[in-house]
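Order of the sequence lines fixes the chain letters, A, B, ..., with proteins taken first and strands second; residue numbering starts at 1 for each chain. For the numbers below, each heavy atom of this structure counts, side chains included, while hydrogens, waters and symmetry mates do not.
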2 protein chains.
Amino acid sequence: MTQADMTAKKNHHHGDLREALITAGLEIMEESGFEALTLRKCAARAGVSHAAPAHHFHGIISLKAAIIARGHRIFAATMRARAADALPDPMAQLCAICAGYLEFSEKHRALFQLMFQPTPRDLSAITPSVLEELMFEAGGSYGVLRTACEPFESDKRAPNSVEIAVWSMVHGYAMLFGETETREAAPTGPIPDFSIILPILTLQI
Amino acid sequence: MTQADMTAKKNHHHGDLREALITAGLEIMEESGFEALTLRKCAARAGVSHAAPAHHFHGIISLKAAIIARGHRIFAATMRARAADALPDPMAQLCAICAGYLEFSEKHRALFQLMFQPTPRDLSAITPSVLEELMFEAGGSYGVLRTACEPFESDKRAPNSVEIAVWSMVHGYAMLFGETETREAAPTGPIPDFSIILPILTLQI
DNA sequence: CATCGAGACTTGACACCGTCAAGTTAAATT
DNA sequence: AATTTAACTTGACGGTGTCAAGTCTCGATG
């Protein structure tokens, strides 16, 4: 519990409640999974009453959006870190970025699940400043992948088709195999590593 | 409302409540999206009290599992229907089955989302007979895709690597683009059709 | 420095949710 | 016909998100 949390326990002025709620949300999901995230639990962990978040977030949907924005920032950083360790040629960069994609989906499974859960149809319910932040951060993390795919695009194919193919494949793999989850249906035998799968695609690019 | 529903409104014996609850769940999601699905709403639509489902399903998790099993049956049928209309060569069959995969994800978006939401870690809470049905139906729908990929597997690659690659790609595409959802981040310009994307992969197989 | 207004909370209540316990009604069995 | 079992209903509880009204703190102003 931070100094601000302790202050909140005494008074009506937390000091940095917005950030504390986001941090609480990230911690709760890390510990108990993506479905454990609730507004009241975040408020309790931040040391305030259940209605306090309303001043910072227009409902649970806005708090989740802020957490997802934070997730995209960590996501982009994870992919960039892998790219920084790889050779500069386009293929090595793409492989590294995909490895970062999968690393994030495994290490932060609950956050990844939250980030890619079905989007509410009406984004207008989200606090405008939070939505702007989310769009910015999501664009940033997606841009890492897009940039890595650019060298492989060609006038011979539909625009963006390589980035769509790569994103579909790595995202599908992350969703389906990113964690040794209990599954109702699965391929028999061990799942091949994505580094084996990706070349099936990229050799043709 | 069926005859059985009307019977339930009068008495303590619905007649086919199990099926009515599953049907209610499918309808509610179709109308109001995947997050609108609740046990009480299903019970109300089936014309019984909120606690009636407990006799057939051990909690909301079991009712959802039953709905998901139904979803897999429709899913498999959709892919098989596409395959039935296609030429018998392996490539045409694979393309048709992927088209069926995407058709299902678009036409039954909420059901698709429910089917591939993060799985609860503890499946033992699910009614055993329901879990068995789910495993069977999920295995059946997955088997359609697996069978279509078999002609492309090779001793030169890791076992199952083609089916993993294809499943990752088509599932990722379905999750990301299967509906013109509101998205925080997206490629610029129109999304290439999956029939353009798939050949990037399959030409190399 | 005192006052006022806005910001940042707290308390309480409501409806909805899933689950459980106890009770009631109908069907099946003996 | 009586008994047992199945299939419900009713009511309650705790957790959830949201709203309204109230309270406390901070910042602005004179």
Side-chain angles (χ1 to χ4, degrees), chain A residues 2-22 24-25 28-29 32-67 114 120 122 124-127 129-130, chain B residues 2-22 24-25 28-29 32-67 114 120 122 124-127 129-130:
Chain A
T2 66
Q3 185 65 35
D5 293 344
M6 293 169 77
T7 302
K9 286 251 183 243
K10 292 184 278 185
N11 305 312
H12 278 66
H13 201 276
H14 181 279
D16 195 11
L17 181 54
R18 186 183 199 281
E19 187 59 31
L21 290 168
I22 292 170
I28 288 166
M29 287 194 297
S32 312
F34 129 99
E35 288 182 336
L37 179 68
T38 71
L39 191 66
R40 288 189 185 226
K41 282 179 184 152
C42 292
R45 182 168 295 218
V48 294
S49 70
H50 58 276
H55 185 73
H56 302 272
F57 300 103
H58 195 270
I60 181 70
I61 189 178
S62 299
L63 173 57
K64 284 184 172 179
I67 294 171
L114 179 72
D122 181 21
S124 69
I126 295 178
T127 305
S129 59
V130 173
Chain B
T2 65
Q3 185 66 33
D5 293 344
M6 293 170 76
T7 302
K9 284 245 181 254
K10 292 184 279 185
N11 304 313
H12 278 68
H13 199 273
H14 181 280
D16 195 12
L17 181 56
R18 185 182 199 281
E19 188 59 31
L21 291 168
I22 293 169
I28 288 166
M29 287 194 296
S32 311
F34 127 100
E35 290 184 333
L37 178 67
T38 71
L39 191 66
R40 288 191 184 224
K41 283 178 183 151
C42 292
R45 182 168 294 221
V48 294
S49 72
H50 58 276
H55 186 72
H56 302 272
F57 300 103
H58 195 270
I60 181 72
I61 188 178
S62 299
L63 174 56
K64 284 184 172 179
I67 294 171
L114 179 71
D122 181 21
S124 69
I126 295 177
T127 307
S129 59
V130 174

Separation of [X] atom [atom1] from [N] atom [atom2], in whole Å?
| X | N | atom1 | atom2 | result |
| --- | --- | --- | --- | --- |
| B:His55 | D:dT5 | NE2 | P | 13 Å |
| A:His13 | C:dT10 | NE2 | P | 12 Å |
| B:Ile28 | C:dC16 | CD1 | P | 14 Å |
| A:His12 | C:dA6 | NE2 | P | 18 Å |
| A:Arg18 | C:dC9 | CZ | P | 13 Å |
| B:Glu35 | C:dC16 | CD | C1' | 15 Å |

Are there any protein N/O atoms within less than 3.5 Å of an N/O atom in nucleotides 17-21 of chain D, and if so, which ones and at what distance?
| unit_1 | atom_1 | unit_2 | atom_2 | d |
| --- | --- | --- | --- | --- |
| D:dG17 | OP1 | A:Leu39 | N | 3.1 |
| D:dG17 | OP2 | A:Leu39 | N | 3.0 |
| D:dG17 | OP2 | A:Arg40 | N | 3.2 |
| D:dG17 | N7 | A:Arg40 | NE | 3.1 |
| D:dG17 | N7 | A:Arg40 | NH2 | 3.0 |
| D:dG17 | O6 | A:Arg40 | NH2 | 2.4 |
| D:dT18 | OP2 | A:Ile60 | N | 2.9 |
| D:dT18 | O4 | A:Arg40 | NH2 | 3.2 |

Check your understanding: side chain to side chain contact (heavy atoms under 4.5 Å, CB included) with B:Ile67: which residues, sequence neighbours excluded?
Key -> B:Ile22, B:Leu26, B:Met29, B:Leu37, B:Leu63, B:Leu111, B:Leu114
Exercise for review: List for me each residue that meets side chain to side chain contact (heavy atoms under 4.5 Å, CB included) alongside B:Ala54, sequence neighbours excluded, and say none if there are none.
Suggested key: none
Review point. Atom NZ in A:Lys41, atom CG in A:Leu21: separation rounded to 0.5 Å?
Key: 15.0 Å
Study note, to complete from the structure: Residue set satisfying salt bridge (Lys or Arg N to Asp or Glu O under 4.0 Å) with B:Glu35, at least two apart, ordered chain then number -> none
Point to revise | Residue list, salt bridge (Lys or Arg N to Asp or Glu O under 4.0 Å) with B:Arg18, at least two apart or on another chain | key: B:Glu133
Practice item. Respond yes when some side-chain nitrogen or oxygen of A:His14 is under 4.0 Å from OP1 or OP2 of C:dG7, and no when none is. Key: no
Study note, to complete from the structure: Here the side chain to side chain donor-acceptor pair (under 3.5 Å) pairs for residues 50-59 of chain A, sequence neighbours left out, are none
Practice item. List the atom of B:Pro53, the atom of B:Ala43, and the distance in Å for their closest heavy-atom pair. Key: CG-CB, 3.9 Å
Under 3.5 Å, which N/O atoms of the protein pair with N/O atoms of nucleotides 28-30 of chain C?
none

Study note, to complete from the structure: Residues at least two apart in sequence or cross-chain that pass side chain to side chain donor-acceptor pair (under 3.5 Å) with A:Ser62, listed by chain then number, are A:Thr127
